[in-house]
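Below: one structure, written as structure tokens.
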Protein chains: 4
Amino acid sequence: MLVQIDFESEMPIYEQLRRQIIEGIASGNLELGESLPSVRQLAEDIGINLHTVNKAYNALKSDGYLNVDRRTGAVVSGTLPESTEEFDKKLNEEFTYLICEAHLRGKKMEDILDLCSDIFKQYIKKDK
Amino acid sequence: MLVQIDFESEMPIYEQLRRQIIEGIASGNLELGESLPSVRQLAEDIGINLHTVNKAYNALKSDGYLNVDRRTGAVVSGTLPESTEEFDKKLNEEFTYLICEAHLRGKKMEDILDLCSDIFKQYIKKDK
Amino acid sequence: MLVQIDFESEMPIYEQLRRQIIEGIASGNLELGESLPSVRQLAEDIGINLHTVNKAYNALKSDGYLNVDRRTGAVVSGTLPESTEEFDKKLNEEFTYLICEAHLRGKKMEDILDLCSDIFKQYIKKDK
Amino acid sequence: MLVQIDFESEMPIYEQLRRQIIEGIASGNLELGESLPSVRQLAEDIGINLHTVNKAYNALKSDGYLNVDRRTGAVVSGTLPESTEEFDKKLNEEFTYLICEAHLRGKKMEDILDLCSDIFKQYIKKDK
DNA sequence: GTGGTCTAGACCACC
DNA sequence: GTGGTCTAGACCACG
């Protein structure tokens with residue numbers, strides 16, 4: 001799996017990494033149960049500090065996406081977390097904001113729905 | 001227009017404010033050309049720092065949503081900004097991440113499309 | 001509130017700190033909504049690194065005991081987290097282990113119950 | 001006696017093993033003077049490293065729960081260790097922390113005492 | 001002045 | 001060799 005960090009971005013590096021791993025799992029590039037590189041290895045590959053990788057891994061761990069300990073290293077969780085009320089709320093808020101701004105920029109409802117369908121078709125290759 | 005700040009949120013106050021103004025314009029609660037409260041006034045109403053409101057207004061100005069000058073105060077732009085390549089890219093990235101995580105949490109494509117439609121119908125009341 | 005770290009202990013410093021803050025809240029030495037020292041301040045007082053304090057604060061934050069952000073610093077949460085199935089399980093396991101070992105060391109059921117009552121009476125001064 | 005290791009747990013394997021042996025002795029599943037499997041055997045049964053079993057056995061030995069030597073293998077002590085001041089202190093500290101956190105999660109003194117009684121009745125079947 | 005992020009480098013526990 | 005902990009010091013975002 002390829003990781004692409006934008007060092008100019010306002011988004012923290014660990015957050016970019018976190019998101020890309022989530023996208024990797026969703027798209028099937030990372031399979032359930034698959035091992036991830038060690039923090040040191042990945043840090044070296046990307047050219048960042050190992051603590052930054054560690055932070056991303058631990059964030060994913062506490063959300064239930066990864067199992068990570070010193071015995072096994074980091075492994076994609078075998079069973080993914082269920083939807084929580086909190087997540088639904090966050091999802092709703094984010095979508096609301098994005099759709100509002102998209103509307104102001106001239107996007108129609110159709111455009112948004114098409115965009116979502118396209119993303120779904122392009123990224124989501126495996127049912128979990 | 002009512003502004004609701006969540007002081008416990010991870011999201012910076014100025015960003016919460018910025019988003020609510022965008023949502024206000026999209027929903028028609030704020031009309032094109034309408035005047036916003038002065039920086040000082042809004043800061044006092046919400047109970048936040050004056051610089052925080054300023055930061056939100058300036059961010060909206062540089063995106064073309066507001067016109068701000070010393071004499072007239074802050075006014076919603078009469079003509080909203082066109083969609084830019086940069087914006088499309090950001091929109092695509094955000095949607096991609098959200099949809100991937102939603103998928104991992106068990107959401108189906110239908111759920112997402114329904115959510116988008118619902119938001120559109122609920123929030124977007126006026127064509128610009 | 002007084003913090004006492006045992007630098008010889010096997011228990012990580014941040015974990016000792018975390019526990020003492022929990023005990024402080026339970027005993028009423030720290031009131032709901034009360035501000036804690038800044039990470040820098042507390043780190044200096046104790047003579048440890050600020051990142052270590054930060055880690056303790058963040059652990060307490062993610063368990064819902066503290067609110068911590070750069071606007072307000074660290075504050076004891078106004079509403080404490082509810083009991084979760086996970087917590088109950090952990091509690092049960094820990095008590096089971098401790099009681100078994102205590103039994104092997106000659107403690108009777110009465111001794112254990114007395115110990116628990118005593119701790120309750122000594123530490124828990126306020127109903128939340 | 002059945003040993004159940006949770007490889008996902010934060011707790012080191014040797015510590016899980018150590019605790020389960022203590023619980024086994026307390027519950028009477030392991031009798032005083034009873035032989036334990038050899039390090040090699042147990043390691044193979046559980047599917048863990050030989051050194052890990054060794055570490056658990058040695059910890060139990062130095063606490064007086066096991067006699068371990070090259071000829072006889074590991075045997076549950078015929079006479080269990082007395083309570084020490086050090087142990088009492090540890091017990092007190094652990095109970096204090098657990099009770100404080102339980103209180104914050106809404107447990108009443110009654111709940112805690114009931115839990116302790118239940119565990120005692122369920123686990124402790126034989127007097128030593 | 002507050003916490004957040006990132007880097008760097010050290011030592012330790014576990015397996 | 002793996003992650004965990006701790007230290008140290010720098011810069012930034014926020015209010």
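Each chain gets a letter, A, B and so on, in the order the sequences are listed, and its residues count up from 1.
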Among the nucleotides dG3(F), dC14(E), dC14(F), whichever has the atom closest to the side chain of P12(B) is dC14(F)
Side-chain contact check for V68(C): nearest option of dC6(E), dG3(E), dC15(E) is dG3(E)
Rounding to 0.5 Å, atoms OH (Y57(D)) and CG (L36(D)) come to a distance of 4.5 Å
dist T52(A):OG1 -> L17(A):CG (nearest 0.5 Å) comes out at 9.0 Å
Rounded to whole Å, the CG-P distance (L66(A) to dG4(F)) equals 11 Å
Ignoring backbone atoms, test whether [X] places a side-chain nitrogen or oxygen under 4.0 Å from the OP1 or OP2 oxygen of [N].
X: T52(A); N: dT7(E); value: yes
X: K55(A); N: dC6(E); value: no
X: R71(C); N: dG15(F); value: yes
X: Y14(C); N: dT5(F); value: yes
X: N49(D); N: dC14(E); value: no

Considering only NZ, NE, NH1 and NH2 on the basic side and carboxylate oxygens on the acidic side, decide whether R19(A) and E94(B) come within less than 4.0 Å.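 Result for this pair is yes, salt bridge flagged.
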Return yes if the base of dG3(E) and the side-chain atoms of R40(C) contain a donor-acceptor N/O pair under 3.5 Å, otherwise no. yes
Fill in: H51(C) (side chain) and dG9(F) (base): donor-acceptor pair under 3.5 Å
yes
Notebook entry, point to check: Does any nucleotide pair with dG9(E) by Watson-Crick or G-U wobble geometry, both distances under 3.5 Å, and what is it?
Noted result: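 Check on dG9(E): paired to dC6(F), both distances under 3.5 Å.
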Item to complete: By nearest nucleotide on DNA chain E, pick out whichever of A74(C) and I48(A) is the more 5' one.
Response: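 First, find each residue's nearest nucleotide; the 5'-ward one identifies A74(C).
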How is I13(A) classified with respect to the nucleic acid when contacts are heavy atoms under 4.0 Å: base, sugar-phosphate, or nothing?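 Sugar-phosphate, backbone atoms only, no base.
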- prompt: Checking all strands, does L50(A) fall into the base, sugar-phosphate, or nothing category for heavy-atom contacts under 4.0 angstrom?
  reply: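 Since no nucleic acid heavy atom lies under 4.0 Å of L50(A), the category is nothing.
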query = Can you tell me if Q20(B) uses its side chain to pair, donor with acceptor, with the backbone of Q4(B) under 3.5 Å?
reply = yes
